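Data block below; observations after.
Only heavy atoms go into these numbers, but all of them, side chains included; no hydrogens, no water, no symmetry mates. Just so we're clear, the structure is a prediction, and the values are computed from it rather than from any experiment. Just follow the structure's listing: the first ligand is 1, and inside any ligand the first atom is 1.
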Amino acid sequence: MTKHRRSVTVMDIDFTNTSMSAFLNDSLYPCLAAEQKCFIVTANPEIVIATRQHPDFKKTVQSADYVLPDGIGIINATKMLGKPLEERICGVDVMHYVLEHAAQNGYSVFFIGAEENSNKKAVENAKEKYPGLLVAGRMHGYADLNDEAFIKTVVEARPDVVLVALGMMRQENWIKDYIDRFDKGVFMGVGGSFDVLSGTAKRAPSIWIRFQLEWLYRLIKQPSRIVRVVKAGQFMLLHVPVVHKIGKVINYNRKRSRKKD
Ligand code: UDP
């Protein structure tokens, strides 16, 4: 799979610059039809901040075929940088489109991640919502997902789509560790999307999304997300043009003084 050519770089991460419909019709569906392999990361500000703190994770994200802008913070940052991305592409929406397309075209899906109840219910709901959906298998996210027997089970099922819902970092790292064992498949980290699909968690009502307040809705529902919100705030601050410029100068000076040493 080749990298998408149109991209906008935010903190060394190349975000795919396209619309949802072009991404699906020109990239994702053809990849499924051609039985190619493809690694999709849906990245929000937190993921970008995490790539600054974990160099190995940064390499993992950079190795993806597509890094989609999931999170209004990414879109706003690219606007501030004067290179706006075309549109926000939400991971949970991509997941639904993929499930619909898979059901219509006979592609099979493996569901990995979330609590056992949520995983089971998510698969049941997916089958109900998308009649004819072929389930290649499923596994909750609290088992040993590095167990060789489990990996063999997934590889031998030859899924067309592998959805991994383990939360950021864990899911992308799992994909990076095992994607080479497969000869085809669309691999995508979907965060808490199984919890939404199963009904265990609710997505923010559309009015909150429209006013760019999805993060606040999730924070109210799950106050432990405060650390993430702070990270997203840190990300936004780094993209206010003046702060961005000061950061660049500091980095430049730091590199120069390192060279002198
Ligand atoms: N999860 C899991 N195994 C773990 C840790 C988390 O399966 O060891 C699941 C968790 O049950 C939840 C999802 O990963 O369904 C993470 O959801 P979250 O909303 O935190 O994802 P993010 O915000 O990172 O997209």
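- Under the ring pair (Phe, Tyr, Trp, His ring centres under 6.0 Å) criterion, F111 pairs with F194, sequence neighbours left out.
- For OH of Y29, the number of neighbouring non-hydrogen atoms (other residues, nucleotides, ligands) closer than 6.0 Å is greater than 12.
- Considering only residues two or more places apart in sequence or on other chains, Y217 meets the ring pair (Phe, Tyr, Trp, His ring centres under 6.0 Å) condition with W208.
- Looking at D14 and T9, their side chains do bring a donor and an acceptor atom within 3.5 Å of each other.
- Partners of F187 according to the ring pair (Phe, Tyr, Trp, His ring centres under 6.0 Å) rule, which considers only residues two or more places apart in sequence or in another chain, are F182.
- Counting non-hydrogen atoms of other residues, nucleotides and ligands closer than 6.0 Å to NZ of K58 gives a total above 12.
- Within 4.0 Å of ligand 1, protein heavy atoms belong to G113, A114, E115, G141, Y142, A165, L166, G167, M168, R170, G191, G192, D195, R218, R225, R228, listed by chain and number.
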